[in-house]
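As structure tokens, the structure follows; a few thoughts come after it.
Since we're looking at a predicted model, the values are computed, not measured. Letters A, B, ... mirror the listed sequences (proteins, then strands); counts begin at 1.
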Protein chains: 2
Amino acid sequence: MPYEEDEDEEPRACAVCGDQAKGYHFNALTCEGCKGFFRRAIKRSTQLRCPYMKKCIITKNNRRSCQACRFRKCQDIGMRKDMVMSEEEVMKRRTRIKQKKMYIASTQLSSQQEQTIEELLSAHHSTFDPVFSRFSGFRPMDRSVSPVSEYSQSASEPFNEPTCPENTCTSASKHGSDLTAASYAGFSSSSSSSCSFHHEEDEVKNCVFSALPHVTDLTTYMIKDVISFSKSLQEFRSLTIGDQISLLKGATFEIMQIRFNMVFNSETSNWECGHITYCIDDAVRAGFQPLLLEPLFKLHHTLRKLDLLEEEYVLIQAMSLFSPDRPGVQNHSLIDKVHEYLALTLKTWIDCKRTGPEKHLLFPKVIACFTEMRTMTEEYSKQILQIQDIQPDTISPLIMEVVSKSPCSDF
Amino acid sequence: MPYEEDEDEEPRACAVCGDQAKGYHFNALTCEGCKGFFRRAIKRSTQLRCPYMKKCIITKNNRRSCQACRFRKCQDIGMRKDMVMSEEEVMKRRTRIKQKKMYIASTQLSSQQEQTIEELLSAHHSTFDPVFSRFSGFRPMDRSVSPVSEYSQSASEPFNEPTCPENTCTSASKHGSDLTAASYAGFSSSSSSSCSFHHEEDEVKNCVFSALPHVTDLTTYMIKDVISFSKSLQEFRSLTIGDQISLLKGATFEIMQIRFNMVFNSETSNWECGHITYCIDDAVRAGFQPLLLEPLFKLHHTLRKLDLLEEEYVLIQAMSLFSPDRPGVQNHSLIDKVHEYLALTLKTWIDCKRTGPEKHLLFPKVIACFTEMRTMTEEYSKQILQIQDIQPDTISPLIMEVVSKSPCSDF
DNA sequence: CGCCGTTCACGGTGTTCA
DNA sequence: TGAACACCGTGAACGGCG
Ligand SMILES: [Zn+2]
Ligand SMILES: [Zn+2]
Ligand SMILES: [Zn+2]
Ligand SMILES: [Zn+2]
């Protein structure tokens, strides 16, 4: 009857120092300390020298005072060097584990990623107003002016635009499909028709900027919400003020367009912003030129056709915001990490939640849209500055702030 | 029930002087002061003598008054001499740490270095206008004069230069390749052909300086931007005004050339400055002589062939600016530190970001270009002064300021 | 569950500089 | 001189694998 067995349940002692040992390490019963010490000693492979008489008695308390004697004791009691993994073995193990992690990470969303999406959705819902109910007090838009719309040049009746004095852009919605089809086909057809507008300088004066005050108010309204969205993100707030400004300057236009895309109706080519419906001609009437509007219009169609879910839209907004290569960013590496994290989250989300064969193309297509938007951001700034030049004091200070290159600001 | 335990959570007192102790040092619980004192006492290894009765009571307040008794107390309470690292151990440690630092520094960019590059890029982008869109209001350039171009002497038809009154230097771009090949081959072939221009004094008068007003305007425009670039750098602003001026006087020519090199087309040997394209003959027509233009032309080819990235160009500009051995610099040591820091940053950047076998030669080649440029700076000043002598009041005051030797200025 | 490697806060060296 | 700092060995806790 061996009732005698425990005495301390597991009273085994380290063969090197006498400390409590929980198991065998490198072929000897040792404590955690001696285990780590032996591995490090092997990997360092440097000669150790005893400052005393090479006869140190190793105990739990003095084991740190003489590495040489401790190592000798390790070998004496039978710890085996060959049981320490070699450098290549370690490398193999590491890469194998990394691979596995990568696979897991691209197969299922981590709880952190799900939490991130939740935060983004929450931030988005509290700062985006899809029916534009808070958009009021704006200056009215005069749609009686029929712009020389470059988008209807290739259409059959370019000068037959009816006036649309109401809040709904009836012109676009009436024969909008024709116009869209014609212009949209034109965009993707050839480069010859894509820039048939080669008299910019003179034509600019024909534009009466009749929609500029309204578009300015709308844009200002949108920018405020974009800033609120960004500021309600934990990661964003943790950046320096300077970097926050740099990121906002770079991303505001893009995020605005992403948000407009959520209310874009690709059938009618209209943006259905609650009680007001906009068409591309409103942008023309605000003074923007085809060099921006053509690719922008195309982008909205391309992006809308992806039929993104809200989670995807909001991840795209965040990816745009955390673009590391905006002018003036200081903490490039951190922002790059966040950006990659968001991109991986989007990719994984698509892989997990989407079905169908086109899901593998969705992520690359989104990335392509980013490239498009990037060039448009620059062109937008240019055109805003041009408009500001011709029509001073119409564009709001907030818009100028976004467009300006000055590093200092106070959003 | 040992409720008596904390008293202040960590109220441990130095065993030597009673001051607050935060841990064990040399085998005894001591304060930071006694720790340092004991090490220094061991390393000095000189006998200490008590001026009193060898019975001093060491306290926190009087511990500095008797070294001998303090040291004796240290030994008495158990501080161990053998736990102070010996001189050789210290030396080994020092060299090991230095080695490691050197390795790390030459292997990966520190965050500070990355930030520096960001600052330089930002400063560059806001002060360099690669398409020369802000260059306007300049005096026109008369290219109808066909200079006795030394660069086409070895070519077959030296006097057949067509006129090029337009903004594009058609002569160089038309049969530019021939001209370039001939002249460039001439440079690198032998010393006999490299200075076939041995009638300087007389020939100078043949030159009509037809391009001088334009080149003056261009140079003035460039200098202003170089000054803006420098002034937007934190490190530069922190220097004294005198040193800022000394550095600018020394570096302006070099930085200008580096910037011109970014738009240099080595295929056509033209500088493509936005709407205007320049060739080397324009410099001839401005009155510059081969003693400057030959090595300058060669430099532009050499430098361009390195195919530098923007980050590298901007680091080179900064290295040129922070050259410690410019005439008149006061704070030589600080500027030297900045210069070495920038050089190491460039070297590390190349090691990290470049690939291919030629990356190891890139940095030395850049350094060689600096040597070349240094001699050209002096020659440039000389020739500007010569031209000023012949054609007074054409060269702008700003250029004269850069070239002058007077120590006082106000950029 | 046993035994690998990994991680990271902690403790105790030397170093710096006001 | 000593407070603050940089550096590195240590070992308890942990994750992965068989
Ligand atoms: Zn042990
Ligand atoms: Zn020993
Ligand atoms: Zn003390
Ligand atoms: Zn004494």
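The side chain to side chain contact (heavy atoms under 4.5 Å, CB included) check on B:Gln99 picks up nothing, with sequence neighbours excluded. Scored by the ring pair (Phe, Tyr, Trp, His ring centres under 6.0 Å) test, B:Phe38 finds B:Phe26, B:Phe71 as partners (sequence neighbours excluded). In this view, A:Ile97 and A:Arg93 satisfy the side chain to side chain contact (heavy atoms under 4.5 Å, CB included) rule, not counting sequence neighbours. Residues meeting the ring pair (Phe, Tyr, Trp, His ring centres under 6.0 Å) test with B:His339, sequence neighbours left out: none. By the side chain to side chain donor-acceptor pair (under 3.5 Å) test, A:Ser122 pairs with no residue at all, sequence neighbours left out. By the side chain to side chain contact (heavy atoms under 4.5 Å, CB included) test, B:Met102 pairs with no residue at all, sequence neighbours left out.
Between the CZ atom of B:Phe37 and the P atom of C:dG14 there is a distance of 16 Å, rounded to whole Å.
First and last contacts of DNA chain D with chain A, using any nucleotide atom under 4.0 Å from a protein heavy atom and ordered 5' to 3', fall at D:dG9 to D:dC17.
Under a 4.0 Å N-O distance rule, the pair A:Arg354/A:Glu312 qualifies as a salt bridge. The residues A:Glu32 and A:Lys35 are annotated as salt-bridged, a charged nitrogen and a carboxylate oxygen being separated by less than 4.0 angstrom.
Using a 3.5 Å distance cut-off with no hydrogens or angles, the side chains of A:Tyr341 and A:Thr116 do pair a donor with an acceptor.
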Summary of protein contacts for nucleotides 5-12 of chain C, nucleotide by nucleotide, where a base hit scores B, a sugar-phosphate-only hit scores S (4.0 Å, heavy atoms): BB-----S
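Remark: nothing in residues 46-62 of chain A comes within less than 4.0 Å of DNA chain C through any heavy atom. A heavy atom lying under 4.0 Å from DNA chain D marks the following residues of residues 67-74 of chain A, by number: A:Gln67, A:Arg70.
Sorted by first and then second residue, the ring-ring contact (aromatic ring centres under 6.0 Å, His included) pairs involving residues 83-124 of chain B (not counting sequence neighbours) are B:His124-B:Phe128. Within the structure, salt bridge (Lys or Arg N to Asp or Glu O under 4.0 Å) pairs that include any residue of residues 338-349 of chain A comprise A:Lys347-A:Asp351 (at least two apart or interchain).
The 5' end of DNA chain D is approached more closely, in terms of each residue's nearest nucleotide, by B:Arg44 than by the other of B:Arg44 and A:Gly36.
Contact annotation for B:Gly33: backbone-only contact, meaning every heavy-atom pair under 4.0 Å involves sugar-phosphate atoms and none involves a base.
Annotation: the span from B:Gln330 atom CD to B:Ser246 atom OG amounts to 7.0 Å, rounded to 0.5 Å.
Judged purely by atom type and a 3.5 angstrom limit, A:Asp243 uses its side chain to pair as donor or acceptor with the backbone of A:Asn331.
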